[in-house]
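Encoded as structure tokens, the structure appears first; notes follow it.
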Amino acid sequence: MSSSPSVITTDLVLLDADAGADKQAVISRIAGLLVGAGRTTDADGLIAAAMAREAQSATGLPGGIAIPHCRSPYVDTPTIGFARLSPKVDFGAPDGPADLVFLIAAPDSGGAEHMKLLSSLARALVRKDFVESLRSAGTAGELVALVEGVVNPAPAPAAAAPAAAAAPAAKKKIVAITACPTGIAHTYMAADALKLAAERADVEFVVETQGSSGSTPLPGSTIAAADAVIFATDVGVKDRGRFAGKPVIASGVKRAINEPDTMIAEAVAAADNPRAARVEGTASADAGTEGSSNVGWGTRTRQILLTGVSYMIPFVAAGGLLIALGFLFGGYEIADNGQDIALNNSLTNLPDGGMMQYLGAILFTLGGLAFSFLVPALAGYISFAIADRPGIAPGFTAGALAVFVGGGFIGGIVGGVIAGFTALWISNLKVPQWLRGLMPVVIIPLIASLSVGLIMFFLIGRPLAWVNTSLTDWLNGLTGTSAVFLGVILGLMMCFDLGGPVNKAAYAFATAGLAAATTASFEIMATVMAAGMVPPLAMALATTIRPGLFSEPEKENGRAAWLLGASFISEGAIPFAAADPLRVIPSMMFGGAITGALCMAFGVTLRAPHGGIFVFFAIGNLAMFLVALVAGTVVSALAVVAAKQFIKPRQAVSV
């Protein structure tokens, strides 16, 4: 029987090497080892994926360790590449640069067992003896044996059953959830750091790791017996309501790695404090919580709104592109008679325009139906982010009401927030035991839906409709300087964080406006897409005209960025922005603002929410769209070249 290749071999190890001056150089050097070992089919793609993960948050850890990691379609087998560096390189750890660097590369479709192998290494890195052994290893073979010993350990002999003894009455019971965005490394490192800290504090401790390898839910009896709970997460806690009423200590996952003893101590103290923050019955599904959480209300509000936007975008993309394809096959007049053709014709009874018109009508009707969920999905998942599953029904109801009363996109946001907090408030009411089973499936959705409906009909429906109508009228009336100024603002937002919250806010504003089907809404959509195409295209152009200013991996990323930019994937510029944000991001914003201003000034329109060059058929005034896009791309490329040539980054001081 054949066995899977080892996750690490001697040809994947660098010892005491100078791998470059920054983390991208180190990642590139280790990726080269993976190429030589036949572990990746595309080094540049792997480097880009790892740098995109670096852009989310630093992977440096206290103690001179870094664990850059990613999942990539260019990797077929879970692989660990290692470099022991001399000199050290900064990976963003709070205590300084790292000399031990593991590049963990997992396939996109990696199974649970593969992920568990990789997580075993992360867990071992919290043990000082293991880390010191890595530093003292004399050969690559010795180091491989160390790593294999933790990722593929020999089965431990069965321990004899201990003599029955009563547990100390004073011993506290703590449960925890750990979860990071990728679920490969930090999730498990946090879990084991907390576990070791609990052992030192003589605390009974059980953790549920919600990572890429899946999770085994904590037994209900274990949760019921717990004195307190720790949420060390950067993403939502699954089934958070299981912990309702428990004292809670919450933070990002890195705090659990850096300060595990402090978090365990805080949990023990919270268990004895009747005024400690507690998990609410149907608390928000995001990572934030009250009391001791590091997440403030500003961040939590952003998370709530982005949850709604993220769930809304698939409806926008599917519906909008289907509508655009309907226009392609049936012409723009299909908007007037598309539904009638779809309902009253068939393959054996084609309309006067033939098969093309019939197909266009079907696509337009499908797109319209999908697009009609835009505001309800936005409101429903804003409510879900606040009140978990009981908030979905009242949230969708609020979104549908917003459309019904003419409140539009703004009404959906307001209605979703009202529905969510209403459902959350009802869930916290003290009810008899016999009624609790009906609360999440009947009582909360019913009362919250009724409440938000009455509020919107009696109090805020007409004001919201007035605001929406006024906004629409204002947008339709934009001309000259005011339209250009809006284009500048949208261009700056699209290029500020390359797919982050600000970029998503501008995109959501544009896509939501498409439902109004006005000239102004089509102009805003064109402006947003053109500006979003600028960053990757500009970096591709910059690496082409001045390749000497960029590293070899950056030049490879630049070649890939041509297609990413042409497809309206702003994230194609993230590797450049992550490596050099102070010179790249302002340059991108400069060009994006110019493109946005020109699109609005030329009156360019777009009827599709995504697609880049693949939806040129849906662009009105295509020539001016291309002029605006080329102008912004050239300006950004020249700006970044000038910044890299004349503005030198501050050099680190060696000590």
Side-chain angles (χ1 to χ4, degrees), residues 123 126 162 164-180 186-211 215-297 300 388 424 427-431 433 436 439:
R123 288 172 160 167
V126 302
K171 183 174 285 192
K172 294 295 183 185
K173 297 180 176 67
I174 306 296
V175 295
I177 300 290
T178 61
C180 68
H186 290 80
T187 297
Y188 304 100
M189 296 186 74
D192 280 87
L194 289 170
K195 189 180 298 183
L196 291 174
E199 291 175 2
R200 290 191 291 268
D202 195 27
V203 169
E204 288 190 22
F205 180 81
V206 183
V207 61
E208 176 183 320
T209 52
Q210 296 182 350
S215 62
T216 301
L218 292 170
S221 57
T222 301
I223 296 174
D227 296 300
V229 59
I230 293 173
F231 291 151
T233 65
D234 291 331
V235 293
V237 175
K238 299 174 184 175
D239 294 327
R240 185 178 186 138
R242 297 174 291 162
F243 305 93
K246 295 292 181 182
V248 61
I249 300 298
S251 77
V253 69
K254 281 197 172 182
R255 185 176 181 235
I257 298 172
N258 297 338
E259 305 175 15
D261 296 284
T262 302
M263 292 196 72
I264 292 293
E266 289 175 354
V268 170
D272 294 324
N273 181 6
R275 300 177 62 84
R278 295 178 181 270
V279 181
E280 296 184 352
T282 52
S284 167
D286 60 51
T289 189
E290 306 78 11
S292 57
S293 171
N294 287 349
V295 179
W297 269 105
R300 191 176 180 206
D388 212 346
L424 183 61
S427 71
N428 288 326
L429 295 176
K430 304 300 181 183
V431 297
Q433 181 68 34
R436 290 180 185 173
M439 288 292 286

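Residue numbers count from 1 along this sequence.
Shown here are the side-chain contact (heavy atoms from CB on, under 4.5 Å) partners of Ala228, two or more places apart in sequence or in another chain: Ile174, Pro247, Ala267, Ala271. Under the side-chain hydrogen bond (donor to acceptor under 3.5 Å, both in side chains) criterion, Glu259 pairs with Arg255, not counting sequence neighbours. In terms of the side-chain contact (heavy atoms from CB on, under 4.5 Å) criterion, residue partners of Ala198 (sequence neighbours excluded) are, by chain and number, Val203, Phe205, Ile264. For Asp261, the side-chain hydrogen bond (donor to acceptor under 3.5 Å, both in side chains) partners two or more places apart in sequence, or in a different chain, are Arg200.
Using a distance-only test at 3.5 Å, with no hydrogens or angles considered, a donor-acceptor pair links the side chain of Lys246 to the main chain of Ala224.
What you find for Val175 and Phe243 is that their closest heavy atoms are CG2-CE2, 4.0 Å. Between Ser251 and Met263 the shortest heavy-atom distance is OG-CE, 3.3 Å. Of all heavy-atom pairs spanning Ala176 and Leu218, the tightest one is O-CD1, 4.2 Å. Residues Ala256 and Ala193 share a closest heavy-atom pair of O-CB, 3.6 Å. Summarising the geometry of Arg278 relative to Gly245, their closest heavy-atom pair is NH1-O, 3.0 Å, with the distance given to 0.1 Å. Of all non-hydrogen atoms in Thr178 and Thr209, the two that sit nearest each other are OG1-CG2, 3.5 Å.
Taking the side chain as every heavy atom from C-beta outward, Leu194 and Val207 never approach each other to under 4.5 Å. Taking 4.5 Å as the limit, every side-chain heavy atom of Glu266 sits out of range of all side-chain heavy atoms of Ile230. Using a 4.5 Å cut-off on side-chain heavy atoms (C-beta onward), Pro217 and Glu208 make contact.
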